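Structure in C-alpha cells, see below.
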Amino acid sequence: MTEDGVATAPHDDVSPEDVVPAHGLSPLSATSYPWWVVGFGLLVLAAFGYSLFSVPRHVALARQLAAAERLDSEAKYPAAEKLYASLLADMPESKAARLGMAHALFADTTPENDLTGLALLANLTIDDQEWKKLTPVMPEAFQRQFTQEKR
C-alpha cells in the first residue's frame with residue numbers, strides 16, 4: 001500500500017521466498033499434501049480404474065439384453081429365453097432381464113413355464129407401461145395376485 005492508502009500490485013522483483021504467508025502458515029510444497037487429500041485422490045483413481053474395466057462387460061450385457069428383447073418382440077420365445085437366462089446368470093438382480101424373461105415364459109404358451117415367470121416377478125415394482133406389456137400374455141389367475149400400490 002502507498003502512503004495515501006491505495007493498494008498497488010506486487011513488484012516483479014519480489015521472490016517467492018520473500019513472501020510471508022497469511023496468518024503465519026507455511027505454504028504446501030509441490031510434493032507435500034495432507035494424508036486425507038492423498039487418500040481421497042487414491043479413492044478417485046480406484047473408482048476410475050474399476051469403471052474402466054467394468055464398462056466393456058456392461059456394454060456386452062446391454063447388447064445381449066437388446067438382442068433378447070428383439071427376439072421377444074419377434075415372438076421367438078425359446079431363443080429369447082436362452083438369452084434372458086444367460087443375462088440372469090450374470091446379473092440376477094436385473095429388472096429388465098427378469099421382466100423380459102417373465103414375458104417370454106408367459107408368451108411361449110408352455111404352462112409349465114408360467115410358475116417360473118411368476119417367480120421372476122417376485123419383489124419387483126412394476127410400472128404401468130411394464131404391466132401393460134405383461135398382462136396380454138400373463139395368465140388371468142396370476143394377474144389377480146398383484147396389487148396396485150398407492151403413491
Side-chain angles (χ1 to χ4, degrees), residues 7 9-10 14-17 19-151:
V14 177
S15 69
E17 291 82 25
V19 176
V20 178
H23 306 291
L25 299 174
S26 61
L28 290 175
S29 72
T31 58
S32 172
Y33 295 98
W35 65 269
W36 63 269
V37 172
V38 174
F40 184 75
L42 290 173
L43 284 174
V44 168
L45 283 175
F48 175 73
Y50 173 76
S51 66
L52 189 66
F53 289 111
S54 67
V55 164
R57 177 178 170 263
H58 286 94
V59 168
L61 292 173
R63 286 182 178 159
Q64 191 175 1
L65 178 62
E69 289 172 342
R70 188 186 76 252
L71 289 170
D72 192 12
S73 68
E74 294 171 356
K76 297 178 180 175
Y77 301 119
E81 290 170 18
K82 287 180 185 177
L83 281 178
Y84 283 128
S86 174
L87 277 166
L88 288 169
D90 285 337
M91 298 185 76
E93 72 284 352
S94 170
K95 181 180 179 182
R98 289 172 63 184
L99 284 169
M101 179 69 146
H103 182 273
L105 289 171
F106 291 143
D108 76 358
T109 67
T110 306
E112 298 84 36
N113 292 339
D114 290 347
L115 286 175
T116 305
L118 183 63
L120 286 168
L121 300 176
N123 301 318
L124 281 185
T125 301
I126 302 169
D127 65 31
D128 291 337
Q129 184 179 358
E130 295 161 342
W131 183 250
K132 286 177 184 173
K133 183 180 176 186
L134 280 173
T135 52
V137 294
M138 185 188 294
E140 186 72 31
F142 290 172
Q143 292 179 31
R144 288 192 295 269
Q145 295 183 22
F146 289 86
T147 58
Q148 186 168 5
E149 287 184 356
K150 297 189 183 203
R151 296 181 188 179

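Quick caveat, the model's predicted, so the values are computed rather than measured.
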Spatial distance of atom OG (Ser94) from atom CG (Leu65) [nearest 0.5 Å]: 6.0 Å

Audit row: His103, Glu69, side chain to side chain contact (heavy atoms under 4.5 Å, CB included) steps and yes/no: CA-CA 10 Å; His103 182 273; Glu69 289 172 342; over 6 Å; no

Give, for atom OG1 of Thr116 and atom CD of Glu81, the distance between the pair rounded to the nearest 0.5 Å. 9.5 Å

Inter-residue atom distance Leu99.CG - Lys133.NZ, 0.5 Å rounding: 8.0 Å

Do Gln143 side-chain atoms and Thr135 backbone N/O form a donor-acceptor pair below 3.5 Å? yes

Using every non-hydrogen atom in the two residues, find where Ala96 and Tyr84 come nearest and quote the distance to one decimal. O-CE2, 4.4 Å

What's the spacing between Glu112 CD and Leu105 CG if we round to 0.5 Å? 11.5 Å

What are the two closest heavy atoms between Phe106 and Gly117, and how far apart are they? CZ-C, 3.6 Å

Nearest 0.5 Å, please: how far is NZ in Lys82 from CG in Leu71? 11.0 Å

On a heavy-atom basis, which atom in Leu121 and which in Ala102 lie closest, and how many Å separate them? CD2-CB, 3.7 Å

Tell me the closest heavy-atom pair linking Tyr33 and Val38, and the distance in Å. CB-CG2, 4.0 Å

Would you mind listing every salt bridge (charged side-chain N to carboxylate O under 4.0 Å, His left out) that reaches into residues 86-101, with sequence neighbours excluded? Lys95-Glu130

For Phe146 and Leu124, what are the C-alpha separation, side-chain angles and deciding distance, and is it a side chain to side chain contact (heavy atoms under 4.5 Å, CB included)? CA-CA 10 Å; Phe146 289 86; Leu124 281 185; over 6 Å; no

Smallest separation among heavy atoms of Ala104 and Ala80, with atom names: CB-CB, 4.5 Å

In Å, rounded to the nearest 0.5 Å, how long is the span from CG of Asp114 to CZ of Phe142? 5.0 Å

Residue pair Asp72 / Gly100: nearest heavy atoms and the distance that separates them: OD2-O, 3.7 Å

